[in-house]
Amino acid sequence: MLPFFARFEVRRPQVSEIVLLAVMTAFAVAGRVAFYWAPQFKPVCAIVILTAVAFNAEAGFITGAAAGLISNMFFGQGPWTPWQMLGMGLCGFLAGLVFHRGRAPRNRGTLCVFGVVSAFAVYGILLNAYSALLATGALTWQSLAVYCASGFAMDAVQAISTVIFLWFFTEPMLDKLELSLIHISEP
């Protein structure tokens with residue numbers, strides 16, 4: 001994660017960009033806290049994806065990683081925190097690479113498909129790998145397969161929640177975020 005954070009710091013982002021990323025991170029954290037009662041049913045991944053789509057891959061990574069760190073201040077830090085930070089950060093980074101600046105269609109359907117794939121193939125596999133590594137002390141293909149199979153239900157809940165939140169939030173949030181970008185770029 002250090003290269004992402006170092007690049008962000010070296011670039012010296014404007015205060016307005018930092019504020020927007022802080023607000024999106026706060027939305028993600030508030031969403032995770034608000035849905036604490038529903039295991040894995042959180043809007044965090046959807047918010048991180050939408051941030052990356054509106055701004056760029058770097059903004060998606062920073063928002064995802066910061067949301068993982070800050071939300072764990074409410075739920076408890078542990079050795080899983082860097083893995084969650086990396087997982088959400090990568091979901092945002094990949095969303096920015098795929099969707100920013102029209103590289104792929106930015107409609108609800110496409111974003112929902114991306115949300116399912118990123119919830120399973122990025123965040124899910126990474127956190128299941130952490131669980132396998134923690135339990136066995138060594139990561140093998142067999143242990144990863146077992147942990148991915150046992151974590152499938154939780155990954156499915158996260159994927160479904162990501163789709164639901166993306167379905168309802170894509171258009172209004174992207175409209176607002178793009179409007180905020182216009183105001184920032186005006187002198």
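All figures in this text were calculated on a predicted structure; none of them were measured in a lab. Every heavy atom of this structure was used, including side-chain atoms; hydrogens, water molecules and symmetry mates were not.
- Between Phe114 and Phe99, the ring-plane angle classifies as perpendicular under the 30° and 60° cut-offs.
- No donor-acceptor pair under 3.5 Å is formed between the side chain of Thr51 and the backbone N or O of Met24.
- Using a 4.5 Å cut-off on side-chain heavy atoms (C-beta onward), Phe120 and Ile125 make no contact.
- The environment of Phe75 atom CZ is dense: over 12 non-hydrogen atoms of other residues, nucleotides or ligands sit within 6.0 angstrom.
- Atom CG in Leu21 sits 7.5 Å away from atom CD1 in Ile62 (nearest 0.5 Å).
- A distance of 5.5 Å separates CD1 in Ile47 from CE in Met173, rounded to the nearest 0.5 Å.
- Partner Ser131 forms a side-chain contact (heavy atoms from CB on, under 4.5 Å) with one of Tyr147, Trp80, Trp83 and no other, that one being Tyr147.
- Clustering ILVMFWY residues whenever any of their side-chain heavy atoms sit less than 4.5 angstrom apart, transitively, puts Trp141 in the very cluster that holds Tyr130.
- Side-chain contact between Ser161 and Pro43: absent, with no pair of heavy atoms (C-beta onward) separated by less than 4.5 Å.
- The only member of Val98, Thr170, Leu111 that meets side-chain contact (heavy atoms from CB on, under 4.5 Å) when paired with Ile49 is Leu111.
- Distance check, rounded to the nearest 0.5 Å: OG1 of Thr25 to CE of Met88 gives 12.5 Å.
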Kindly indicate, with the supporting measurements, whether the criterion side-chain contact (heavy atoms from CB on, under 4.5 Å) is fulfilled by Val44 and Phe165. CA-CA 9 Å; Val44 178; Phe165 288 111; over 6 Å; no
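- Thr81 contributes no side-chain N or O that, together with a main-chain N or O of Gln77, makes up a donor-acceptor pair within less than 3.5 Å.
- Summarising the geometry of Ala34 relative to Trp37, their closest heavy-atom pair is O-NE1, 3.1 Å, with the distance given to 0.1 Å.
- Side-chain contact between Gln158 and Tyr123 is present, with at least one heavy-atom pair separated by less than 4.5 Å.
- Side-chain N or O atoms of His100 include one that pairs as donor or acceptor with a backbone N or O of Phe55 at under 3.5 Å.
- Taking the side chain as every heavy atom from C-beta outward, Val48 and Cys45 never approach each other to under 4.5 Å.
- The closest side-chain heavy-atom distance from Phe61 to Cys91 is not below 4.5 Å.
- By the neighbour-count criterion of 12 heavy atoms within 6.0 Å, atom CZ of Phe27 is sparsely surrounded, having that number or fewer from other residues, nucleotides or ligands.
- In this structure, Leu127 is a member of the same hydrophobic cluster as Leu69, with clusters built from ILVMFWY side-chain heavy atoms closer than 4.5 Å.
- Annotation: the span from Ile164 atom CD1 to Phe169 atom CZ amounts to 10.5 Å, rounded to 0.5 Å.
- Tracing side-chain contacts under 4.5 Å through hydrophobic residues (I, L, V, M, F, W, Y), one never reaches Met154 starting from Leu144; they form parts of separate clusters.
- For the pair Asn72/Arg32, a side-chain contact is recorded, criterion being any heavy-atom separation below 4.5 Å from C-beta on.
- Within the 3.5 Å criterion, the main-chain N or O of Phe35 finds a donor-acceptor partner in the side chain of Lys42.
- For Tyr36 and Phe41, the distance between ring centers is not under 6.0 angstrom.
- Remark: side-chain polar atoms of Ser150 are paired, donor with acceptor, to backbone N or O of Val146 under 3.5 angstrom.
- Judged by distance alone, the side chains of Thr110 and Asn107 do bring a donor and an acceptor atom under 3.5 Å apart.
- Side-chain contact between Arg108 and Glu171 is present, with heavy atoms from C-beta onward closer than 4.5 Å.
- At least one side-chain heavy atom of Asp155 sits under 4.5 Å from a side-chain heavy atom of Asn128.
- From Leu139, atom CG reaches atom CG of Leu134 across 11.5 Å, with rounding to the nearest 0.5 Å.
- For the atom pair CD of Glu58 and CG of Leu97, the computed distance is 11.0 Å after rounding to the nearest 0.5 Å.
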